[in-house]
Amino acid sequence: MHTSKLGEQKNSYLQSYDKVLQKLWPISFSSYFVDTSYGHTYIIESGDKLSPPLILLHGARMSSTMWYPNVAEWSKQYRVICIDILGDKNRSFLEKKFTNRLSYASWLNEVLDHLQINKINIVGLSYGALHTVNFLSFFPQKVNKAVIISPAATYIPFNPVFYSYAMGMVSNKEGVKSFLEWIFDHRYTVDPLIEQQLIAGTFGKASPPNQEETQTEQGFPYVFKDEELAQIQTQLLLLLGEKEVMYNPEEAFCRAKDSSPHITVEMIKEVGHLITMEKPKQINKRILRFLDK
């Protein structure tokens, strides 16, 4: 593919990303890059700088723009810092490859150090939830409370069907549409601007998540061992959607419910994987209640 063509496609992705921010982000924000030894990390921040920090980690390929239904409510009480996960499809720019789970946790720790934050609350969804549990395994002293929503793997492996949808999603426009239909099953329609951003992000040689490769190369997707989960002393809230399709939510519930000493596990009715988009009002409130208590 010619460089100019690649440049055009990169631009169309950045334009679609910025359009979501302009049109859907409900409150004022600042955005900036934080440099780390792994690359440049893009951040969208809303709320009062003097409020306690709340870190948000998005789902794979969704980028920080996915938090638009949640940020207004949470930023009334928190300095909300949405981090584009390095190495995923978003505005962050990877320079040095991650090699294992510790390298991912170290990257996030570098971001916090750069922002001069030593204690956070953190909310992660899907891939972001996996990152959250991973971070807790290495830097528990940095986290006050954590919310993990529809975690990718983490407690139980993905259904094999996930990999076929994920491969379809990164190959063409129709793949994105069928992925969204699979996730939402007619309960919810994604905003066209979000869909456009996902489609713009499918160009070129974005390699689909290959089960073997990611597990050996980078340590993700990862299913944590009993003893690893048992060591997490942080207060955790785990939210699962009863219509989850990426894995069996009941199985994940059973595996998770006594896995860590301070975990609360809840099954949310009538929602699937992207709970924060499907039922924002309910989820926004539930998370604030957990963080405030």
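Keep in mind that this is a model prediction, so the values were computed, not measured.
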Any chance the side chains of [X] and [Y] put a donor and an acceptor closer than 3.5 Å?
X      : Y      : value
Ser37  : Glu110 : yes
Tyr13  : Gln197 : yes
Gln231 : Ser137 : no

Can you name the closest pair of heavy atoms from Met62 and Leu274 and give their distance?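 Taking Met62 first and Leu274 second, the nearest heavy atoms are CE-CD1, 4.1 Å.
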For the residue pair Leu86 and Gly39, what are the closest heavy atoms and their distance?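 Closest heavy-atom pair between Leu86 and Gly39: CD2-N, 3.8 Å.
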Pairing residues for Lys19 by the salt bridge (Lys or Arg N to Asp or Glu O under 4.0 Å) criterion, not counting sequence neighbours: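 By the salt bridge (Lys or Arg N to Asp or Glu O under 4.0 Å) rule, Lys19 matches no residue at all.
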Considering residues at least two apart in sequence or located in another chain, which fulfil the side chain to side chain contact (heavy atoms under 4.5 Å, CB included) criterion with Glu266?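 Partners of Glu266 under the side chain to side chain contact (heavy atoms under 4.5 Å, CB included) test: Leu237, Leu239, Thr264, Arg286.
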Do Glu270 and Lys279 have side-chain heavy atoms sitting under 4.5 Å apart?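 A side-chain contact under 4.5 Å exists here.
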Does the side chain of Ile27 reach to within under 4.5 Å of the side chain of Val71, using non-hydrogen atoms?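 Yes; the side chains approach each other to less than 4.5 Å.
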Report yes or no: does Asn284 contribute a side-chain atom to a donor-acceptor pair with the main-chain N or O of Pro280 at less than 3.5 Å?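 Checked: pair present.
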Would the distance check show the side chain of Arg61 and the main-chain N or O of Gly201 forming a donor-acceptor pair, the cut-off being under 3.5 Å?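 It does hold such a pair.
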Aromatic rings Phe162 and Phe158: how do their planes relate, parallel, tilted or perpendicular, breaks at 30° and 60°?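 Rings of Phe162 and Phe158: parallel, as their planes differ by under 30°.
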What class does the angle between the rings of Tyr104 and Phe98 fall in, given that below 30° is parallel, 30 to 60° is tilted and above 60° is perpendicular?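 Aromatic pair Tyr104/Phe98 classed parallel.
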Aromatic ring centroids of [X] and [Y] under 6.0 Å?
X      : Y      : answer
Phe224 : Tyr222 : yes
Phe135 : His131 : no
Trp182 : Tyr165 : yes

N-O pairing of [X] and [Y] below 4.0 Å:
X      : Y      : answer
Asp84  : Lys89  : no
Asp48  : Lys76  : no
Asp226 : Arg255 : yes

Distance under 6.0 Å and angle within 45° of the ring axis: does Arg101 meet both against Phe138?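 No, Arg101 does not sit over the ring of Phe138.
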Taking only residues two or more places apart in sequence, or in another chain, which ones meet Phe33 in a ring pair (Phe, Tyr, Trp, His ring centres under 6.0 Å)?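 Listed in chain order: Tyr42.
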Lys285/Asp292 under salt bridge (Lys or Arg N to Asp or Glu O under 4.0 Å): CA gap, chis, key distance, verdict: CA-CA 10 Å; Lys285 276 196 187 121; Asp292 294 348; over 6 Å; no
